[in-house]
2 protein chains.
Amino acid sequence: MAEERAVGTPVLRRLNTAAVLRAVRGCAPEPVRLAELVRLTGLTRPTVGQAVDDLVGAGWLQQHDPAATSPQGGRPAVRVSLRGRAAPVLGLDVGPHTVSTGIDDLAAHRLAAVRLPVGDTGAGRLLGVVDEAVGRALAEAALGADEIAAVVVATPGIVDPASGRILLAPSVPGWTAVNLSEHLRGRFGCPVRVENDANLAALAVAGERSGAGTLLAVQWGERLGAGVVIDGRLHRGTGAAGEIGFIRPPGEFPDTGDGRGPLERAVGAEAITERARRAARDRPGSALRSGRLDAPAVFTAAAGGDEAAVEVVDAVAAAFAHAIAPAVLVLAPDAVVIGGGVARAGSVLLTAITRHLEGLTLTPPAVEFSGLAEDTVLTGALRLALDEVWGRLPV
Amino acid sequence: MAEERAVGTPVLRRLNTAAVLRAVRGCAPEPVRLAELVRLTGLTRPTVGQAVDDLVGAGWLQQHDPAATSPQGGRPAVRVSLRGRAAPVLGLDVGPHTVSTGIDDLAAHRLAAVRLPVGDTGAGRLLGVVDEAVGRALAEAALGADEIAAVVVATPGIVDPASGRILLAPSVPGWTAVNLSEHLRGRFGCPVRVENDANLAALAVAGERSGAGTLLAVQWGERLGAGVVIDGRLHRGTGAAGEIGFIRPPGEFPDTGDGRGPLERAVGAEAITERARRAARDRPGSALRSGRLDAPAVFTAAAGGDEAAVEVVDAVAAAFAHAIAPAVLVLAPDAVVIGGGVARAGSVLLTAITRHLEGLTLTPPAVEFSGLAEDTVLTGALRLALDEVWGRLPV
DNA sequence: GGGGGTTTGTTAAAGTCCTTGAAATACCGG
DNA sequence: CCGGTATTTCAAGGACTTTAACAAACCCCC
């Protein structure tokens with residue numbers, strides 16, 4: 001049955017202490033006056049005082065000198081702020097070419113950031129690079145592995161929610177055989193969560209926007225992935241949610257044998273280049289025939305009005321819009337945010353996608369580019385780790 | 001900022017009383033011994049006693065005679081149960097042909113059920129039928145309109161979550177002009193919520209299954225709609241979530257001018273009949289040429305091995321699978337449950353859809369028929385209304 | 001330099017609630 | 001009529017928050 005927890009008076013203390021801690025977090029990174037906390041939490045002065053004493057004692061908060069800033073005449077206020085090092089979290093983005101890791105403190109301050117290239121692909125080698133990146137980051141933050149409060153790892157492929165095992169990762173050969181979460185759990189004494197990279201990127205994108213609402217965040221580069229964030233929380237479904245790369249768009253796109261999905265073969269960065277190459281063949285005057293031909297070049301040419309490039313962009317936008325339209329109809333997201341390499345395409349692609357989606361959906365979502373840079377996935381991993389820590393407020 | 005509620009000792013009482021009430025609900029409709037509640041809630045005897053006294057005083061619980069059932073030797077236990085009439089809820093399913101209404105008590109006991117046909121279509125007339133159905137149901141349950149604690153109305157079309165206005169309802173001409181929620185709010189003193197009918201059906205289907213997980217519940221008849229339920233909660237998105245009828249499947253399906261979406265024109269019950277008619281034309285021996293030709297007949301013929309019928313069913317299944325595959329990839333639901341008229345098709349359709357989905361998705365969901373009967377939508381409306389009441393436990 | 005004003009911190013008493021443990025109650029079977 | 005059993009009732013004790021009054025520290029201004 002619904003085994004409810006017994007509720008005695010001590011629970012009140014827990015609740016109030018947690019409320020105070022959250023209030024302090026809401027003001028981070030600024031130190032807060034206790035009187036301000038009274039106003040924020042609605043609790044009374046003695047209660048807040050008690051809670052703050054407890055939190056300082058447990059290492060969650062640090063007291064500041066009353067010396068600084070005395071705004072109005074009156075007794076100098078005690079000011080407290082988050083003691084970030086109380087529960088630092090580690091994020092890890094394991095990609096086929098690069099391993100990025102970062103350490104954030106409780107207040108989301110970056111304590112360390114390390115990025116290492118992966119020379120030759122190979123799962124065993126990758127694990128070594130992961131270890132080295134983690135070691136360097138810990139050294140940079142001057143922390144021991146046992147001090148880390150939560151670890152979140154981003155990896156391509158599908159992750160089993162329960163075990164953290166990687167079930168499918170076409171882009172890293174042999175990667176599914178490695179039990180990454182097991183490996184890291186041995187090194188850290190805290191929960192280690194492995195999550196799909198596109199999902200974490202979605203979380204990062206959602207963090208940039210307002211909390212509520214539904215978001216479909218697409219990562220669009222050579223490969224395509226997406227994450228669904230509903231009211232600030234990641235939607236995982238049975239585990240493989242957001243795998244838009246395997247949507248089958250109209251038309252035939254032969255299997256490339258490298259594990260890519262149909263949509264990736266149709267509108268991935270490489271496919272865009274290939275489309276442009278074919279389009280340029282029939283257009284002697286096209287800008288696509290001169291200079292280096294890659295996806296950015298196609299978008300630049302389209303922005304300049306080059307007919308062949310515009311056609312390519314429109315075809316790509318149409319294929320993408322048709323592919324995601326059913327999902328947009330079912331989810332009715334507030335926005336579709338596009339990140340990854342293609343996000344640097346400029347507005348040509350955006351407007352085309354918007355136009356096509358308008359004809360295919362009932363309440364067309366806003367279509368936007370993500371403003372986040374290369375470390376989107378890492379940001380999302382750290383964000384999820386922080387959420388995890390804040391979720392189990394161990395006051 | 002995060003305006004936290006002040007937490008004093010009285011809050012404890014609220015919490016515990018609510019826990020007791022939930023525990024009683026968990027045992028409904030059976031009366032519960034107080035000692036049992038102590039075990040269920042983990043609270044102590046005096047606390048439970050206090051809470052029960054409060055709840056009986058407020059009318060939420062009713063005490064039973066100790067006369068009945070004395071299982072073991074010992075002092076007869078005080079037994080309490082939900083006083084259903086404390087907060088009855090009213091559900092309303094407004095369809096183009098029928099208006100159904102029902103009243104449930106707190107324990108989800110049906111107190112009244114009224115179903116009225118709508119003679120001629122027309123928004124004004126429909127409103128009159130709604131009023132009559134509500135009036136009859138109230139009379140049947142011997143309740144006044146002011147005693148109802150929550151009202152949920154199911155309507156076709158897209159509903160604005162904020163105002164409750166109907167934004168788009170192709171199947172009922174003029175229906176968007178009627179402010180249904182305003183009309184009912186004038187009659188009831190409680191919250192009135194208007195919700196898309198397919199969404200409510202989804203909620204009902206989810207209620208039949210275990211609580212957690214992601215569910216895509218499709219209503220498949222002349223028209224197609226769906227609802228998304230995630231961990232027991234309805235996903236609305238911007239308001240139009242689940243409108244799968246407007247997915248555009250491959251192939252051309254001319255606009256019929258009655259507001260139907262492309263997928264409805266491709267695989268709706270009527271489209272199935274039309275497909276069968278065309279298939280039968282070329283097959284002199286087909287079972288489809290004899291007898292009445294409608295969707296059930298097609299499925300029956302396919303189950304019997306009729307070649308033309310099998311082809312039709314397979315084509316329909318393929319179109320449906322292709323249409324929802326992108327949504328399945330993005331959502332990764334545990335199950336796709338199909339209700340509505342087509343759900344009585346038998347397993348021919350199911351297996352065909354399952355087969356096609358397996359090739360189109362990474363983690364194919366279970367595809368099932370809903371076991372619920374005609375009043376699925378009404379059940380969902382009542383369920384949501386009850387959730388609403390239980391959500392704002394006004395202890 | 002001293003007093004008023006202001007803001008904040010401190011402390012003790014009171015109130016509310018939950019818990020503990022012992023005693024009382026009510027029914028059964030023999 | 002008497003133990004046995006399960007439940008209820010009652011009173012004392014402990015934990016927490018609140019209220020309210022008081023003390024501290026700083027500013028400004030005369």
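For the numbers below, each heavy atom of this structure counts, side chains included, while hydrogens, waters and symmetry mates do not. Proteins come first, then strands; the chains are lettered A, B, ... in the order of their sequence lines, and each starts at number 1. Predicted model only: the values in this text are computed from it and were never measured.
In this structure, Glu147(A) has no salt bridge (charged side-chain N to carboxylate O under 4.0 Å, His left out) partners at least two apart in sequence or on a different chain. Among residues two or more places apart in sequence or in another chain, the salt bridge (charged side-chain N to carboxylate O under 4.0 Å, His left out) test is passed with Arg236(B) by Glu195(B). Remark: Thr379(B) pairs with no residue by the side chain to side chain donor-acceptor pair (under 3.5 Å) rule, at least two apart or across chains. Here Gln62(A) pairs with His64(A), Ser81(A), Arg83(A) under the side-chain contact (heavy atoms from CB on, under 4.5 Å) rule; sequence neighbours left out.
Listed nucleotides: dA15(D), dT7(D), dC17(C). Nearest to the side chain of Arg13(B): dC17(C). The Val78(A) side chain lies nearest to dG9(C) when the options are dA20(D), dA6(D), dG9(C). Closest to the Pro10(A) side chain, of the nucleotides dT20(C), dC16(D), dT18(D), is dC16(D).
Following rounding to the nearest Å, Asp53(A) (CG) and dC16(D) (P) show an atom-to-atom distance of 14 Å. In this entry the distance linking CG of Leu43(B) with P of dT20(C) reads 11 Å, nearest Å. Rounded to an integer number of Å, the gap from CZ of Arg79(A) to P of dG9(C) is 11 Å. Between the P atom of dT17(D) and the CG atom of Leu15(A) lies a distance of 10 Å, rounded to the nearest Å. One atom, CD of Gln50(B), and another, P of dT8(D), lie 15 Å apart when rounded to the nearest Å. We find that CZ of Arg14(B) is positioned 21 Å from P of dC16(D), with the value rounded to whole Å. One atom, CG of Asp54(B), and another, C1' of dC17(C), lie 12 Å apart when rounded to the nearest Å.
Checking Thr9(A) against Ala35(A), the closest nucleotide of DNA chain C that is more toward the 5' end is the one next to Ala35(A). Residue order along DNA chain D, read from the 5' end via each residue's closest nucleotide, puts Leu34(B) first among Arg45(A) and Leu34(B).
Side-chain contact annotation: Arg185(A) with Ser181(A), donor-acceptor N/O pair under 3.5 Å present.
Side-chain nitrogen and oxygen atoms of Asn16(B) include at least one within less than 4.0 Å of the OP1 or OP2 phosphate oxygen of dC18(C).
The backbone N or O of Gly91(B) lies less than 3.5 Å from a partner atom in the side chain of Thr101(B), making a donor-acceptor pair. Side-chain atoms of Asp334(A) never come within 3.5 Å of backbone atoms of Leu215(A) as a donor-acceptor pair (strictly under, hydrogens ignored).
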Output one line per pair: protein atom, nucleotide atom from nucleotides 2-4 of chain C, and distance, for all N/O pairs under 3.5 Å.
none

N/O-N/O pairs, protein side and nucleotides 24-26 of chain C side, under 3.5 Å:
from	atom 1	to	atom 2	distance (Å)
dT25(C)	O2	Arg75(B)	NH1	3.3
dA26(C)	N3	Arg75(B)	N	3.4

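When side chains are defined from C-beta on, Val24(A) does not count as touching Trp60(A), because their heavy atoms never get closer than 4.5 Å. Arg110(B) places a side-chain heavy atom less than 4.5 Å from the side chain of Leu378(B).
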